[in-house]
Amino acid sequence: MKIETQCLHAGYTPGNGDPRVVPIVQSTTYTFDSTAHIAALFDMPTEPIYSRFANPTVDAVEQKIAALEGGVAAMCTTSGQAASLLSILNVCSAGDSFISAGTIYGGTVNLFAVTLKRLGIECIFVDQEATPEELQAVIKPNTRCVFGETLANPALSVLDIRKFADFAHANGIPLIVDNTFPTPILCRPKEFGADVVIHSTTKYMDGHAVQGGGVIVDCGTFPWDNGKFPDFTEPDESYHGVRYVESFGKAAYIIKCRMQLMRDFGCYPSATNAFYLNLGLETLALRMKQYCINAQAVAEYLKSCPEVESVSYPGLADDPYHERAKTYLPDGASGVISFVIKGGRETAMQFMDALKLASNVVHVADIRTCVLHPASETHRQLTDEQLVAAGINAGMIRFSCGLENVEDIIADIRQAFDAIQ
Ligand SMILES: *Cc1c(COP(=O)(O)O)cnc(C)c1O
């Protein structure tokens, strides 16, 4: 199936007389004929037994997203943050370290630099333009994985996934990529060597601002039995002595993540949330194409405005990431634009207040145009140094193009500039 078809059909194939639409199985538990059957499911979880870590509606969505990313299996979480957290905890324990590109989502910076540090896991931040030699210089014997974001929120830099994958693999560790902004419609990181792909499904995948969630996709590519990951090859005493690689092969990572971490943390979405997410996924391919068209037009318009100091959008011919976008985002650079308004922080806030169609929200990648001021909102917990590392200027506005008629979006921008003159 081509990706547009997968958006509609992957993950759920109704049998004779079954509902056409994936049903909402809003039940915490499941009934079985025998105790022995349940006992067997504890050993080999082939059917849902409890909705803290598995549910049939969520399962259908997981299969769909795994198909879209070209992975072997996926696991949904209650937020993108939970997906980032579990993706790392599945390979790092206290005393370990991992490497992350510095240009990533502000919430992830905080999770990695503050909260994981408190758990004894060190994040080594690197400039994402670092050379392979520079990367090699910071790696430690306890470094367990490498992390980056395909299209960074909100800096909109494009990650050289291939470079990071080659570096990680040369050191026997996996690459985890946050692919939230492009979605698998515009980029499939597995094709460039990523081993695990995560998303905040709160963004384009849902697209309608009705559910918050995340997902972790196991690409099934990483050789966990290379000697560096005993947790994957030795018996798990917390799970009846299961050996993940031996029992689950290519899906070892995601099954370990579900059986250990989801079992213990329980940050699993409800069936109803998964149902909403699935509605968004059904039109994802169609929507992503139009987001790219609208954002390209808006980015070009902003570029022509005397009120604007600079515009970041990899679809612009003179954007520093334009060449790289040709490799990683050949069908378009998604719907988010970052621009720096002349006049700094104050003018940025006045401009945003003057917009009428675009809404001022703590959100991005919605079907409706929305704006956010990273320096005073999402990234306010970052130090000035971290702001610079994340590619953020105090006058920067994150402009998330919606699917309104683009002429209306541009007219709104014009009236807001005029209003604050
Ligand atoms: C929003 C976002 C997250 C966090 O997702 P939540 O669903 O808000 O927890 C992670 N990564 C990126 C790139 C994001 O845009």
Side-chain angles (χ1 to χ4, degrees), residues 58 61 65 69 74-89 100-116 123 125 128 147-159 161 176-187 189 194 196-217 265 267-270 273-274 276-277 280-281 288 291 295 312 314 328-329 333-338 361-366 370-374 377-382 389-392 396 398-401:
V58 186
V61 177
I65 296 174
E69 285 288 4
M75 182 178 76
C76 285
T77 58
T78 45
S79 68
Q81 287 296 93
S84 306
L85 172 67
L86 299 196
S87 76
I88 300 292
L89 289 187
S100 173
T103 318
I104 54 173
Y105 173 64
T108 317
V109 172
N110 203 65
L111 168 66
F112 289 179
V114 181
T115 302
L116 285 183
C123 179
F125 286 102
Q128 70 173 28
F147 185 98
E149 210 167 290
T150 317
L151 183 56
N153 172 10
L156 299 183
S157 52
V158 179
L159 185 73
I161 301 175
I176 303 173
V177 171
D178 180 340
N179 195 35
T180 297
F181 271 14
T183 81
I185 304 303
L186 301 176
C187 178
V196 174
V197 178
I198 66 161
H199 288 270
S200 164
T201 63
T202 315
K203 314 296 165 57
Y204 287 117
M205 281 193 168
D206 163 32
H208 297 74
V210 294
Q211 69 86 47
V215 70
I216 305 175
V217 180
F265 294 161
C267 45
Y268 202 61
S270 71
N273 261 23
Y276 285 132
L277 172 56
L281 290 170
M288 291 317 294
Y291 282 122
S312 295
Y328 294 107
L329 302 163
S334 201
V336 185
I337 300 163
S338 287
V361 295
V362 181
H363 193 39
V364 66
D366 187 21
C370 55
V371 289
L372 181 143
H373 186 228
E377 299 172 9
T378 47
H379 291 65
R380 65 180 298 127
Q381 76 277 22
L382 301 196
I392 294 159
M396 182 203 270
R398 190 181 67 190
F399 195 93
S400 174
C401 271

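Indexing begins at 1, ligand by ligand and atom by atom, following the structure's order. This is a predicted model, so every value here is computed, not measured.
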Phe125 atom CZ, over 12 foreign heavy atoms within 6.0 Å: yes
Quick test: of every protein heavy atom, which one is nearest to atom 12 (C) of ligand 1, and how far off is it to 0.1 Å? Asp178 OD2, 3.4 Å
Are any non-hydrogen side-chain atoms of Thr201 and Asp206 less than 4.5 angstrom apart? no
Which residue holds the protein heavy atom closest to atom 6 (P) of ligand 1, what is that atom called, and what is the gap in Å? Gly80 N, 3.3 Å
Distance filter under 4.0 Å to Ser79 heavy atoms, resulting ligand 1 atoms: 7 (O), 9 (O)
Starting from atom 2 (C) of ligand 1, locate the nearest protein heavy atom and write down its residue, its atom name and how far away it is, to 0.1 Å. Lys203 NZ, 2.5 Å
Within 45° of the ring axis of Tyr105 and under 6.0 Å from its six-membered ring centre, is that where the NZ or CZ of Lys203 lies? yes
Can you find a heavy atom in the side chain of Pro184 that is under 4.5 Å from one in the side chain of Met205? yes
Compute the minimum heavy-atom distance from Ala152 to ligand 1 and say whether it is under 4.0 Å. no
Please state which protein non-hydrogen atom is closest to atom 4 (C) of ligand 1 and give its distance, to 0.1 Å? Tyr105 CE2, 3.5 Å
For the atom pair CD1 (Ile198) and CD1 (Ile65), what is the distance rounded to the nearest 0.5 Å? 12.5 Å
Geometry only, no angles: is Asn153 polar-contacting ligand 1 at N/O separations under 3.5 Å? yes
Atoms of ligand 1 under 4.0 Å from any heavy atom of Gly213, numbered from 1 in the order shown, are 7 (O)
Which residue supplies the protein heavy atom nearest to atom 9 (O) of ligand 1, what is that atom called, and how far is it? Gln81 N, 2.8 Å
For Glu149, the atoms of ligand 1 under 4.0 Å from one of its heavy atoms are 13 (C)
Using side-chain heavy atoms (C-beta onward) and a distance below 4.5 Å, is Leu85 in contact with Cys267? no
Atom OG1 of Thr180 and atom CD of Glu149: how far apart are they, to the nearest 0.5 Å? 6.5 Å
